[in-house]
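Input: a single structure, listed below in structure tokens.
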There are 2 protein chains.
Amino acid sequence: MARRGSYAKGVAKREEILRTALEVVDRNGMRGTSVRELADAVDLTQAGLLHHFGSKEELFLAILTVRDDEDAQCMAGLDIIDQFLLVIEHNAKTPGMVQLFTSLSAAATSDPSHPAHAWFAERYVRFRTLLTETMRERQASGEMPADVDVEKLAAVMMAVSDGMQLQWMLDPSTDMAAHVRLVWDLALRSAPRTVAS
Amino acid sequence: MARRGSYAKGVAKREEILRTALEVVDRNGMRGTSVRELADAVDLTQAGLLHHFGSKEELFLAILTVRDDEDAQCMAGLDIIDQFLLVIEHNAKTPGMVQLFTSLSAAATSDPSHPAHAWFAERYVRFRTLLTETMRERQASGEMPADVDVEKLAAVMMAVSDGMQLQWMLDPSTDMAAHVRLVWDLALRSAPRTVAS
DNA sequence: GTCTATAAGTCGATAGAC
DNA sequence: GTCTATCGACTTATAGAC
């Protein structure tokens, strides 16, 4: 079918754009990367590129989505906490990606009309829920102190991960994963609170 | 002296701009607030406003600096940890400011040539040092477990504070201070690690 | 020294031809 | 699906009035 052919071409071009954009962003970050630059890298005009993605922001969002999916794929089966730490260690090798994530998350979370607002909202709920449930299981099996507020701890783990990216960008010798692990270790070895009568 | 007079006028105008800009930003945030808008609010043209600050980014940086100074001023004498938590509680009442801080910190930390890059770098070092020293004192006095890595914990406290702002912007019912307090409590009541022989 | 007015350039976004 | 052309918003820079 002709329709099938042209559709497939669009998808292929879209993926070529994403793959190239991912590399460019990883070198240069979001800031200072214009749509025209990305368009040149895939031999398109700026308008030609924007035909595949509605806007610059949607293009960048697509990049993050691909990245999230790839992370999830190659970590399938691992312990959630281990996954979490591995992703953070991996982030330290892709500075442009970290830059893109922090910039976009700041812009998108602060503006409900931002194209990526819903994506981030859903992402936080999903990961927080996943972490919370895992921690509850560990509490049930006695691997974790029962009186830790795991719902808050899950939010904190993500917040540390996000926040450490800023400090890491200022000083790339910072070990982001080690800082997240510190919180996790504190939670694991926190002494059960004695109930005051 | 005439020179003294005109200099004072410049400073006065600068402060009027900052005061007004602070209000406008607190309502509208950084995103969607143009220099022209701010200029209109203080009865200046865009170029007139930019004469006082080199650029939009430097203007916004000046706003954050004023905010930091005001926070520090009205908290003088309080315990550092209490100060930290009080500032976070205060942030929850100034959404535009939180928006400005997250947007600017993302943009500035990721780009060494950003006008606010050095400011953020210095700010993180300063606060981290302050927190670290305070914690060391508490360890010395026995108020805090001796084997907690306070240098990392200080960085973590700031990271949680920064990171929770994103989740709070997505859901303003989030209690940012409570999450920071969770980390602090975990550190305080963490059981001393037994040394493996 | 401070401000007005304006010019030039960049960026993202969009309309319409092919 | 890709292009040309153009629009409007923003920023920087500067010439010159006061």
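Below, each value reflects all heavy atoms present in this structure, side chains not excepted, and no hydrogens, waters or symmetry copies. Every chain is numbered from 1 and lettered A, B, ... according to where its sequence line falls, protein lines coming before strand lines. Note that the structure is a prediction, hence the values are computed from the model and not measured.
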| query | Between dC10(D) and Lys56(B), is there an OP1 or OP2 to side-chain N/O distance shorter than 4.0 Å? | reply | no
| request: Would you indicate, yes or no, if dT2(D) has its OP1 or OP2 atom less than 4.0 angstrom from a side-chain nitrogen or oxygen of His51(A)? | output: no
| For Thr45(B), which contact category applies under a 4.0 Å heavy-atom criterion: base, sugar-phosphate, or nothing? | sugar-phosphate
Given [options], identify the nucleotide with an atom nearest to the side chain of [X].
{"X": "Ser55(A)", "options": "dA13(C), dT11(D), dC3(D)", "value": "dA13(C)"}
{"X": "Gln46(A)", "options": "dT12(D), dA13(C), dT2(D)", "value": "dA13(C)"}
{"X": "His52(A)", "options": "dT11(D), dC3(D), dG1(D)", "value": "dG1(D)"}
{"X": "Ala47(B)", "options": "dT4(C), dG12(C), dT2(D)", "value": "dT4(C)"}

Let me know the distance between [atom1] of [X] and [atom2] of [N], rounded to the nearest Å.
{"X": "Leu50(A)", "N": "dT2(D)", "atom1": "CG", "atom2": "P", "result": "12 Å"}
{"X": "Leu49(B)", "N": "dC10(D)", "atom1": "CG", "atom2": "C1'", "result": "14 Å"}
{"X": "Leu44(A)", "N": "dA13(C)", "atom1": "CG", "atom2": "C1'", "result": "16 Å"}
{"X": "Arg36(A)", "N": "dT6(D)", "atom1": "CZ", "atom2": "P", "result": "14 Å"}
{"X": "Asp43(A)", "N": "dT2(D)", "atom1": "CG", "atom2": "P", "result": "11 Å"}
{"X": "Lys13(A)", "N": "dC3(D)", "atom1": "NZ", "atom2": "C1'", "result": "13 Å"}
{"X": "Leu38(A)", "N": "dC11(C)", "atom1": "CG", "atom2": "C1'", "result": "13 Å"}
{"X": "Arg14(A)", "N": "dT2(D)", "atom1": "CZ", "atom2": "P", "result": "13 Å"}

| query | Got a sec: does the CD of Glu143(A) have more than 12 other heavy atoms crowding it under 6.0 Å? | reply | yes
| field | Worked verdict on Leu186(B) versus Val148(A) for side chain to side chain contact (heavy atoms under 4.5 Å, CB included) | value | CA-CA 9 Å; Leu186(B) 286 178; Val148(A) 172; 4.2 Å; yes
| task | Salt-bridge test for Arg126(B) and Glu122(B): reply yes if a basic N is under 4.0 Å from a carboxylate O, no otherwise. | result | yes
| message | Between Ser103(B) and Leu100(B) (side chain of the first, backbone of the second, donor and acceptor by atom type, cut-off under 3.5 Å), is there such a pair? | response | no
| query | Does a donor on one side chain and an acceptor on the other come within less than 3.5 Å for Thr45(A) and Arg36(A)? | reply | no
